[in-house]
Structures are given as structure tokens and as C-alpha cells.
Colleague: 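Got a structure here, written out as C-alpha cells. Questions coming.
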Amino acid sequence: MARIGASVSDTPPARSSVIPIVALDYPDFASALRLVALLGESCRFYKVGSELFTAAGPDVVVRLREEGCDVFLDLKLHDIPNTVAGAMRRIRDMGVRITTVHASGGRAMIEAAVEAAGAECGVFAVTILTSLDESSFGEVVGGGRADVTTWVLRLAVLASAGGARGIVCSGDEARLVRERFGPNLELLVPGVRLPSESSADQARIVTPEGAVAAGANYLVLGRTITAAANPAAAMQSVLDRLSP
Ligand code: C5P
């Protein structure tokens, strides 16, 4: 595949402007690279999640970096600190820009992840998955319906104490987290949908402009782009909404 464009990898993400990240949720390398070629300059930051990483391994990260793209490796690690630190060192060595652990792994695990990831790779702590609502998260923690916002804030405190660069939360909680933490925690928001779209398996969704208004630094765009009849047009539509 032809090189897609100049590298942006030496430039850390600006804190003030939101950065869209497209999730390459594909079962194979070729499909992922087809989308990267199709989107060209309109997307320079890609998320590799557990599906693609399980299928294609570190090669996919290396290839995206060679294409001049930044990579968010979303493996949502959750294990004992020593094991997470070992995985983080490999992630760091791949040149990944952003990666994730579950905040519920605890402060020592977050600290170990942050130390092993080094300064160039930002560790974001997942709070409560955007596919969970008060009722389904209530099944996790017991006691009927759970107050998701309270839990997100609690886990944001833990993430901050552990030195995470940011958290992953839905657009529903982003504004409150931004108010509490100011610029000290970056916010990465998945569950983004255009108004015409179905929520699919996501429970706490937000429009691109809604996420920006709530203070998001990064938006994760999944099926909004990958399941669109015309992914390039869908990407342009999101970009138009981000800078009207
Ligand atoms: O297709 P959709 O926009 O729902 O995809 C959302 C992407 O964001 C998926 O790759 C999913 O793994 C990821 N994600 C999420 N919720 C989180 C963290 C990551 O949906 N809390």
C-alpha cells in the first residue's frame, strides 16, 4: 500500500482540539488497511482493538506507524501489576501513542502501567464501559440499579491518583469529569453516533459535537465509519460537525 501521508507521530496531540480516532474493528489486517487507504488524510489516528490485534498482532501496529499514523492500542488490560507492566513495556516498544487499562484493576496496577509505558505512551483508564447502563452495571456491583456517574467519578479519582494520562468515559459523564479535574485528566470518549444512527450495543451514546461540548480530547469512531455505506463520506460528516 502506498504511504498515506506525512508523519504526525512526532507531534503530541494538542490538548485544546479534539482528535478523532477511527476504530479498526476488523477480523483481518487487509480489511483494516483498506479502510486506512480509503480515509487517507482525513484520519491520522487509528485504534487497534482486541479483535484486530488478536488476528494480526504487533505487525498491524508497526504497519500503521510506517504509514505515518498514530496508534491507540485498546487492549483494556486488567491483571496483576507485574503482568500489566510486562505487557506495557512491549506496547511502549511498538511506538503506541495511547493504550488502555481498566481502572478497576486498582491503583497499584495503574501506577505499574504508567511507569512501564513511559512518557511517549499515554495510559488511559477505562471507567465504565459505554455498553453498560444503570441496570446492567447494577448487575455487576449488586444492589439493583447503579449510579454510573458516581462510579465513573470514583474510578476517575483512582485513575488520577495512579498517574493515568486520562480516562475513557461516555459523553454522559465527560462534562462532570472535566469540571472536577480540569485539564489534568484527558478524556477519551467512545459510543459516538451521528443523530441518524442506531446505538447498536452501546447504551451511553453521544454525537460528535456533544462530546466536544462536554470536553472530550479524543473521540473514538467505530461503526459510524466502518459500517457506513460510504466511510469517507461518514468521516467527512463527522469532521464537519467537529469544526462547523
Ligand atoms: O462501533 P462503536 O462506535 O460502538 O465502537 C466503539 C469502539 O470503542 C469499540 O472499538 C469499542 O471497543 C471501544 N470502546 C467502547 N467503550 C469503552 C471503551 C472502548 O465502546 N468504554
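Both ligands and their constituent atoms are indexed starting at 1 by order of listing.
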Colleague: So which bit of V168 gets within less than 4.0 Å of ligand 1, heavy atoms only: side chain, backbone, both or neither?
Modeller: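 For V168, only side-chain atoms sit under 4.0 Å from ligand 1.
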Colleague: Take the angle between the ring planes of H78 and H102 and call it parallel below 30°, perpendicular above 60°, tilted in between.
Modeller: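 Tilted, since the angle between the ring planes falls between 30° and 60°.
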Colleague: Of the protein's non-hydrogen atoms, which lies at the shortest distance from atom 6 (C) of ligand 1, and what is that distance?
Modeller: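 For this ligand atom, the closest protein heavy atom is Q202 NE2, 3.5 Å.
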Colleague: Can a salt bridge be assigned to the pair E179 and R175 using a cut-off of 4.0 Å between side-chain N and carboxylate O?
Modeller: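 Looking at R175 together with E179, the answer is no, because their closest N to O distance does not fall below 4.0 Å.
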Colleague: Nearest 0.5 angstrom please: R223 CZ to R193 CZ, how far?
Modeller: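 The CZ atom of R193 is 5.0 Å from CZ of R223, to the nearest 0.5 Å.
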Colleague: Could you tell me whether R165 and E186 have a side-chain N and a carboxylate O separated by less than 4.0 Å?
Modeller: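 Salt bridge absent between R165 and E186.
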Colleague: Considering the heavy atoms of V220, write down every atom of ligand 1 situated less than 4.0 Å from one of them.
Modeller: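 Answer, ordered by atom number: 7 (C), 8 (O).
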Colleague: Students should be able to answer this: which protein heavy-atom is nearest to atom 17 (C) of ligand 1, and at what distance?
Modeller: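 Its nearest protein heavy-atom neighbour is P190 CG, 3.4 Å.
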Colleague: Identify, for atom 5 (O) of ligand 1, the protein heavy atom at the shortest distance, and state residue, atom and that distance.
Modeller: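 The protein heavy atom lying closest is G222 CA, 3.8 Å.
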Colleague: Where is the nearest protein heavy atom to atom 3 (O) of ligand 1: which residue, which atom, and how far?
Modeller: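 For atom 3 (O) of ligand 1, the nearest protein heavy atom comes out as R193 NH1, 2.8 Å.
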Colleague: Looking only at protein heavy atoms, which one is nearest to atom 9 (C) of ligand 1, and what is the separation?
Modeller: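 Answer, as residue, atom name and distance: D25 OD2, 3.4 Å.
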Colleague: Dump the intermediate steps for side chain to side chain donor-acceptor pair (under 3.5 Å) on Q236 and S42, then the final yes or no.
Modeller: CA-CA 7 Å; Q236 193 53 53; S42 68; 5.9 Å; no
Colleague: Taking only heavy atoms of A23 into account, list the atoms of ligand 1 that are under 4.0 Å away from them.
Modeller: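 Near A23, meaning under 4.0 Å from one of its heavy atoms, ligand 1 has 10 (O).
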Colleague: Can you measure from CG (L39) to CG (L221) and round to the nearest 0.5 angstrom?
Modeller: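 One gets 10.0 Å once the value is rounded to the nearest 0.5 Å.
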Colleague: With a heavy-atom distance limit of 4.0 Å, tell me whether T130 approaches ligand 1 through its side chain, its backbone, both, or neither.
Modeller: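 It is both parts that get close, each with some atom under 4.0 Å.
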Colleague: Show me which atoms of ligand 1 lie under 4.0 Å from any heavy atom of R223.
Modeller: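 Under 4.0 Å from R223, ligand 1 has these atoms: 1 (O), 2 (P), 3 (O), 4 (O).
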Colleague: Quick check: T224 and ligand 1, any N/O pair under 3.5 Å apart?
Modeller: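 So ligand 1 has no N or O lying under 3.5 Å from an N or O of T224.
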Colleague: Tell me: protein heavy atom nearest atom 12 (O) of ligand 1, and distance?
Modeller: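 Sorting protein heavy atoms by distance from atom 12 (O) of ligand 1 puts K47 NZ, 3.4 Å first.
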Colleague: Please list the nearest protein heavy atom to atom 18 (C) of ligand 1 with its residue and the distance rounded to 0.1 Å.
Modeller: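 Ranked first by proximity to atom 18 (C) of ligand 1 is K76 CE, 3.3 Å.
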Colleague: Side chains of S237 and D240: is there a donor and an acceptor less than 3.5 Å apart?
Modeller: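 The criterion, which ignores hydrogens and geometry beyond distance, is not satisfied for D240 and S237.
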Colleague: In terms of side-chain heavy atoms, does T130 have a donor or acceptor partner in Q202 at a distance below 3.5 Å?
Modeller: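 Side-chain D/A pair, T130 to Q202: present.
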Colleague: Out of curiosity, S160 OG to I110 CD1, how far, rounded to the nearest 0.5 Å?
Modeller: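 That separation rounds to 9.5 Å.
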Colleague: Using a 4.0 Å heavy-atom cut-off, which part of D74 comes near ligand 1: side chain, backbone, both, or neither?
Modeller: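 Answer for D74: side chain.
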